[in-house]
Amino acid sequence: MATGRLGVEETLGALNAALGLGGPLWFKETRARHLRARDFLAPRRALEARFGAEQVPEPVVSAVASLQGPGVAPVQRCVPTPAGLALQLQRPAVFERVLGSVAAYVVPAAPSSPGPRVILHCPALRCAPCTLRLSQLRAILVADHLARVLRAHGVSVHQAPATWDPHLQTFLQQLRVEWPVAPRRTATATLRSRVLAEQTSSSGGEVLPPNVLGRVCLKELIEQGPSAGYDRNLDHCLVTEDLLCTLAELQEAVHNCREDSSPGLARPSDCSVDSCVVVHVVSCEEEFQQQKADLLWRKLDEQAPRRQKHLVCGPVRVVGGARTLTAPEYYKLRLAQACKASALKRGGDLARDPAWADISQSLSVATVKFEMLSTAPQSQLLLTLADSVSTKGTKSGTFVMYNCARLATLFESYKRSMAQGLYPAFPPVSSLDFSLLRDEGEWLLLFNSVLPFPDLLSQAAGLAYAAPGRHIAARTETICRFLVQLSMDVSSYYNRVHILGVSTQQERGPGDQPGTGGREGTQRISAVGPSSFSSRSPGHTSLVRCLLACSFCGLCAECCMLAWPCWASPR
């Protein structure tokens with residue numbers, strides 16, 4: 001069996017190269033109705049522009065049909081059609097390659113070269129939780145998401161500031177946000193002396209407001225330095241002790257970043273000023289003050305990183321409600337809605353069970369994170385406070401968790417029944433006949449979800465550090481959209497296909513031998529022996545097992561992309 005991870009990007013690159021010089025023509029199909037006949041298409045009009053009005057030369061078609069190479073999926077056939085040049089892969093071979101090495105598809109593609117070390121700075125974490133605005137909560141969740149994305153990609157990441165408020169630490173734990181904790185430090189003597197020196201040379205005996213250490217001119221930095229995107233009104237900065245503490249925390253993060261030697265992390269070969277980049281993840285209300293702090297740091301510290309980017313999160317607007325919520329109030333609202341949904345579905349007594357309380361908390365956390373991350377961070381977020389903790393919709397974290405729980409229940413049911421002798425041990429993947437996987441939903445799941453998953457992770461970590469200007473963009477919504485679409489496909493497939501076979505003992509009914517319970521234990525299909533599956537079940541189970549590992553468990557247990565370990569816990 002061939003080894004090595006197959007890749008969508010590698011396959012597209014090889015297909016475009018086979019057509020000769022020119023821009024890329026091929027694209028990957030995603031819609032089910034197109035995937036019935038083809039997997040990739042080079043459109044007819046684009047081919048006519050490349051080769052003229054004639055047909056694509058036969059040698060070119062032959063070269064595409066016999067395409068091979070590292071990461072290139074095996075080709076079944078390539079034929080001209082009215083839509084263009086249509087290519088279909090050897091689907092059983094692709095199933096075998098992917099499902100035979102599942103672990104390779106839960107990690108992002110390796111970067112071509114080590115990137116810089118990254119310091120993620122989130123000023124909102126200096127606030128008391130009782131005053132935390134929704135836009136600041138959004139910035140915190142975006143920063144936490146980026147930390148996990150980058151680490152999954154092998155990047156050395158440091159987070160600042162470390163939290164010291166125990167109430168804030170508790171709130172972050174409730175939201176499954178992982179952030180460093182440390183006592184509050186105030187080592188600002190060096191910075192204070194530089195501020196006083198600046199003040200002495202430029203103040204001319206100016207009387208400063210209370211609690212202000214000095215006034216520092218920033219206009220020269222705006223006029224001479226890398227000032228693209230900075231507000232032109234930043235002519236000076238009134239320096240306070242709190243602001244110096246902020247700079248001291250950033251200095252410490254830079255020091256730790258440059259000294260970092262964590263094994264297995266991609267890192268540049270030098271420890272110079274340019275070897276790390278600071279990404280300030282701020283709410284739109286904090287942007288102006290962060291610009292001041294950024295420029296002041298450059299003014300007072302010649303060792304400050306030259307590359308400092310600002311990821312500004314757009315405002316959060318509450319739809320249909322005039323009352324302004326703090327972040328803890330918003331979380332408590334979603335938690336109350338989750339508890340209410342559990343009570344309505346499971347009954348009041350069961351809903352008060354500690355296990356169901358944990359599930360309700362998991363539902364509320366998933367809802368909050370999906371709401372905050374499913375819109376591009378730079379855009380305005382419209383938040384509806386109506387009861388949204390429901391599995392009926394298909395656009396929420398609750399819906400994703402619900403489908404993960406269905407899969408978790410499926411495999412727990414299988415393990416329990418296997419221990420009772422109703423099912424055999426799962427056969428090795430190498431012994432499966434992958435030609436049995438003919439359902440279009442199976443190929444849809446693998447080709448649209450599992451196969452492109454590593455590329456999706458890499459794209460999510462692709463921050464444009466070297467781009468000109470102060471601003472930087474992130475695309476947290478891509479992961480959310482992916483998980484919602486995957487959940488819709490899994491739900492559709494699960495509702496149509498009986499994944500586990502039913503043993504002869506189960507077929508006799510509850511009077512003879514109890515089944516596995518739930519959907520998989522109560523539906524009836526053709527009977528099979530107590531030590532065998534139905535003919536198609538091994539492949540089906542393997543597929544769902546792969547989806548669970550690559551898309552759900554992979555995100556929380558292996559990649560830690562969104563840090564929602566609760567996804568696998570609801571039962």
Side-chain angles (χ1 to χ4, degrees), residues 119-152 157-185 249 253 256 281 283 313 316 325-339 342 351-374 389 396-398 400-401 404-405 476 479-480 552-553 555-571:
I119 298 171
L120 287 173
H121 172 229
C122 186
L125 288 162
R126 294 187 178 90
C127 299
C130 60
T131 64
L132 205 62
R133 298 186 299 270
L134 293 180
S135 56
Q136 292 175 309
L137 174 62
R138 186 185 192 187
I140 291 171
L141 295 179
V142 168
D144 178 60
H145 172 91
L146 288 177
R148 299 173 190 282
V149 169
L150 293 170
R151 287 197 177 106
V157 178
H158 291 259
Q159 296 153 281
T163 60
W164 57 270
D165 185 336
H167 300 292
L168 181 59
Q169 293 167 10
T170 300
F171 183 58
L172 296 180
Q173 290 172 359
Q174 290 174 332
L175 293 174
R176 274 76 166 179
V177 170
E178 294 183 0
W179 206 266
V181 175
R184 195 175 193 182
R185 297 187 179 93
E249 290 169 336
N256 294 336
V281 185
S283 66
C313 297
V316 179
L325 289 179
T326 65
E329 288 172 340
Y330 164 60
Y331 169 70
K332 290 177 181 177
L333 173 65
R334 290 297 185 228
L335 179 59
Q337 291 171 343
C339 292
S342 297
R352 284 190 290 270
D353 182 87
W356 274 102
D358 291 341
I359 293 172
S360 297
Q361 186 178 23
S362 299
L363 290 171
S364 60
V365 170
T367 300
V368 167
K369 287 194 172 185
F370 246 88
E371 287 179 334
M372 291 291 171
L373 298 177
S374 58
V389 184
S396 69
T398 309
V400 177
M401 287 186 59
C404 180
T476 62
I479 297 291
C480 295
F552 292 100
C553 289
L555 282 172
C556 24
E558 298 188 39
C559 296
C560 291
M561 174 67 65
L562 299 174
W564 296 343
C566 53
W567 281 13
S569 65
R571 298 291 181 261

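Every heavy atom of this structure was used, including side-chain atoms; hydrogens, water molecules and symmetry mates were not.
M372 places a side-chain heavy atom less than 4.5 Å from the side chain of Y330. Two residues are said to be in side-chain contact when any heavy atoms from C-beta on lie closer than 4.5 Å; L146 and L120 meet this criterion. No side-chain heavy atom of E178 sits less than 4.5 Å from a side-chain heavy atom of Q159. Looking only at side-chain heavy atoms (C-beta outward), P129 and D165 come within less than 4.5 Å of each other. R138 is not listed as a side-chain neighbour of S283, based on a closest heavy-atom distance of 4.5 Å or more. For the pair C480/F370, a side-chain contact is recorded, criterion being any heavy-atom separation below 4.5 Å from C-beta on. Counting heavy atoms from C-beta on, the side chains of L335 and Q361 come closer than 4.5 Å. You'll find the side chain of I140 reaches within 4.5 Å of the side chain of L172, heavy atoms only.
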Side chain to side chain contact (heavy atoms under 4.5 Å, CB included) between L175 and L137, worked out = CA-CA 10 Å; L175 293 174; L137 174 62; 3.6 Å; yes
| field | Evaluation steps, side chain to side chain contact (heavy atoms under 4.5 Å, CB included), between C313 and V281 | value | CA-CA 7 Å; C313 297; V281 185; 4.2 Å; yes
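Residue L141 is tested with E371, K369, Q136 for a side chain to side chain contact (heavy atoms under 4.5 Å, CB included); the sole match is K369.
Looking at every heavy atom in both residues, Q174 comes nearest to V365 through O-CG2, 3.2 Å.
Between the NE2 atom in H167 and the CG atom in L132 there is a gap of 14.0 Å [rounded to 0.5 Å]. With rounding to the nearest 0.5 Å, the separation of NE2 in H145 from CG in L150 is 9.0 Å.
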